[in-house]
Number of protein chains: 2
Amino acid sequence: MPTDDGSPAGESGAPRLGRRPSTTQAELSHVALTLFAERGFDDTTVEDIAAAAGIGRRTFFRYFASKNDLPWGDFEAQLDGMRHHLDGLPDDLPLMDAVCAAVIEFNRIPPEEVPWHRQRMRLLLGVPALLAHSTLKFQAWRDVVAEYAGRRLGVPAGSLEPQALAWTMLGIALSAYEQWLVHEDADLTELLESALRMLGERFAS
Amino acid sequence: MPTDDGSPAGESGAPRLGRRPSTTQAELSHVALTLFAERGFDDTTVEDIAAAAGIGRRTFFRYFASKNDLPWGDFEAQLDGMRHHLDGLPDDLPLMDAVCAAVIEFNRIPPEEVPWHRQRMRLLLGVPALLAHSTLKFQAWRDVVAEYAGRRLGVPAGSLEPQALAWTMLGIALSAYEQWLVHEDADLTELLESALRMLGERFAS
DNA sequence: ATACTAATGGCACCCAGTGCCGAATGGAAG
DNA sequence: CTTCCATTCGGCACTGGGTGCCATTAGTAT
């Protein structure tokens, strides 16, 4: 499963042994997203993608576990980034502030990548099959938040408080994303901050 | 599509015309849940279920749009119930209190149905394929909450506030469910109240 | 050249889901 | 009882995602 291979293109020092991979996850992802934009997700078969990338259908499934994983790229790496960011926050920062900061930071995207990311998210949240599949990815995201919260609160990550907090954060982030997709000119960071602020005000009744 | 037929067994006044359905959604659902409990969801094929129910594979798909829908029963009817309950709440009840009350009411289950419901939810939240599919069902649930909140706030249901609120409520409910599934003796209503209280306290920092 | 390693991709297979269409089952009209 | 009609049933063939198996290919090391 090259899906979890950290060195897909083979730049690392290791002299490389055996036949080299003929493509990369990123390459496949790119090819696929292009096809999706042209014909739509459902009308693009795995065979189409494999053909467009010049590999066999069977080989495709060695790079991605499923067609649904294509738009996600290397999500695990991003999660590691968030974990790292959370660990670097000072302990005297209130838990909520820390988590909010992490959510905002996690979703900060460089201006030049905005159109690209928009298209990706429009797919993920707009295509039912992808939206459904995304739940499994978001579960991993929630785990990151819950583990941090659990550590800070001195309770198991699986207990109610961390879990509820993680779910809430996911909800806030996704509703901000929905707004972002609808309003072409909106700024994601501002939407996130606004949504977080709203929640605080509404609950502090 | 008998899936949205309100009178599956034919008790309504209409004299019935043409051949009568040979089974019902509820019957199929029951048969399937039994098989799932025995062999597990993934190891039970639609053909198995159809055979156990004494119908053809093709006919199965006239009662349920997908294998994933089996554990859900008539979710739409329950949503109607929640809509109705929300509409009946007094207008001077603060929005948050109203929504919290509705969430708790929606998830109140008669004691005799607890074991059954536990098994259903254990499936829905434990089997990846079902968890993914559930996102689509929860979307409808969120819409109910968001529409009420939008009406109360005088803004479109699709705007940030109602959406964020609906997401948050879903998150709270699901984290309470997770606890409920882990702790055999826990009371769902208490868990929900506890989770909602927690959120209020944490955000009122 | 040989041996070893790793990726490729064809083939057959399973399963979910769908379109098509004739057969079965009922009530109502003659 | 027969005819007509509405509705469901279910077989058949097909698409498309995903997997196990295994021979083939393309590299490195000796």
Side-chain angles (χ1 to χ4, degrees), chain A residues 1-25 27-28 32 35-36 39-71 127-130 132-133 136, chain B residues 1-25 27-28 32 35-36 39-71 127-130 132-133 136:
Chain A
M1 240 194 281
T3 302
D4 20 295
D5 181 5
S7 59
E11 0 256 305
S12 39
R16 206 77 203 85
L17 194 62
R19 181 176 181 168
R20 262 159 309 188
S22 56
T23 183
T24 61
Q25 278 186 70
E27 172 68 18
L28 278 181
L35 289 181
F36 293 161
R39 303 181 224 171
F41 182 81
D42 290 325
D43 290 335
T44 306
T45 71
V46 170
E47 201 159 2
D48 293 337
I49 300 165
I55 63 174
R57 202 181 97 90
R58 188 63 185 83
T59 301
F60 169 87
F61 285 106
R62 292 210 176 81
Y63 284 85
F64 286 92
S66 82
K67 183 184 172 186
N68 291 332
D69 284 313
L70 275 167
V127 176
L130 290 176
H133 184 71
L136 307 177
Chain B
M1 239 195 280
T3 303
D4 20 294
D5 182 5
S7 60
E11 0 256 307
S12 42
R16 204 75 203 82
L17 192 63
R19 180 175 182 170
R20 265 159 307 190
S22 56
T23 184
T24 60
Q25 279 185 69
E27 172 67 20
L28 277 181
L35 289 181
F36 293 162
R39 304 181 224 170
F41 182 82
D42 291 325
D43 290 335
T44 306
T45 70
V46 170
E47 201 160 1
D48 293 335
I49 300 165
I55 63 173
R57 204 181 95 86
R58 189 62 186 81
T59 300
F60 169 87
F61 285 107
R62 291 211 175 81
Y63 284 84
F64 285 93
S66 82
K67 183 184 171 186
N68 291 331
D69 284 313
L70 275 167
V127 177
L130 290 177
H133 184 71
L136 307 178

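In this text, all values refer to a predicted model and were calculated from it rather than measured experimentally. A note on names: the letters A, B, ... follow the listed sequences, proteins ahead of strands, and every chain is numbered from 1.
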J.: Say you draw a straight line from NE2 of A/H133 to CG of A/D69; how long is it, rounded to the nearest 0.5 Å?
T.: 3.5 Å

J.: For the pair made of CG in B/L17 and P in C/dA28, what is the distance, rounded to whole Å?
T.: 7 Å

J.: Can you name the side chain to side chain contact (heavy atoms under 4.5 Å, CB included) partners of A/T59, sequence neighbours left out?
T.: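 In terms of side chain to side chain contact (heavy atoms under 4.5 Å, CB included), with neighbours along the sequence ignored, A/T59 is linked to A/I55, A/R62, A/Y63.
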
J.: Mapping A/G18 and B/G18 onto DNA chain C by nearest heavy atom, which one lands closer to the 5' end?
T.: A/G18

J.: Which sits closer to the 5' end of DNA chain D, A/N68 or A/R19, going by the nucleotide each is nearest to?
T.: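 Its nearest nucleotide lies further toward 5', so the answer is A/N68.
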
J.: Could you give the CG-to-P distance, from A/L28 to C/dA7, as a whole number of Å?
T.: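 Checked: the CG to P distance equals 15 Å.
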
J.: Can you tell me which residue among A/V46, A/D42, A/D48 is in a side chain to side chain contact (heavy atoms under 4.5 Å, CB included) with A/T44?
T.: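 That would be A/D48.
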
J.: Round to the nearest Å and state the distance from B/F61 atom CZ to C/dC20 atom P.
T.: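 Going from B/F61 (CZ) to C/dC20 (P), I get 17 Å.
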
J.: For B/R58 and C/dC15, give me the distance from atom CZ to atom P, rounded to whole Å.
T.: 19 Å

J.: To the nearest Å, how far apart are B/R62 CZ and D/dT7 C1'?
T.: 10 Å

J.: NZ of A/K67 versus P of D/dG16: gap in Å, rounded?
T.: 9 Å

J.: Begin from the C-alpha positions of A/F41 and A/N68 and carry the test side-chain contact (heavy atoms from CB on, under 4.5 Å) through to its verdict.
T.: CA-CA 9 Å; A/F41 182 81; A/N68 291 332; 3.5 Å; yes

J.: Using OP1 and OP2 only, check whether a side-chain N or O of A/S22 sits under 4.0 Å from C/dT8.
T.: yes

J.: Rounded to whole angstrom units, what separation is found between the CZ atom of A/R16 and the P atom of C/dA6?
T.: 9 Å

J.: What's the verdict on side-chain contact (heavy atoms from CB on, under 4.5 Å) for B/F64 and B/K67, showing C-alpha distance, side-chain angles and the deciding distance?
T.: CA-CA 7 Å; B/F64 285 93; B/K67 183 184 171 186; over 6 Å; no

J.: Would you kindly give the CG-to-P distance between A/D69 and D/dG17, to the nearest whole Å?
T.: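 So the CG-P distance, A/D69 to D/dG17, works out to 14 Å.
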
J.: I'd like to check the side chain to side chain donor-acceptor pair (under 3.5 Å) partners of B/S22; sequence neighbours left out, ordered by chain and number.
T.: none

J.: At a heavy-atom distance below 4.0 Å, what parts of residues 41-57 of chain B sit against DNA chain C?
T.: B/T44, B/T45, B/V46, B/R57

J.: Decide yes or no for A/L70 and A/F36: does some side-chain heavy atom of the first lie under 4.5 Å from some side-chain heavy atom of the second?
T.: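 Contact flag for A/L70/A/F36 side chains = yes.
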
J.: Using only side-chain N and O atoms of B/Y63, determine if any of them is under 4.0 Å from OP1 or OP2 of D/dC9.
T.: yes

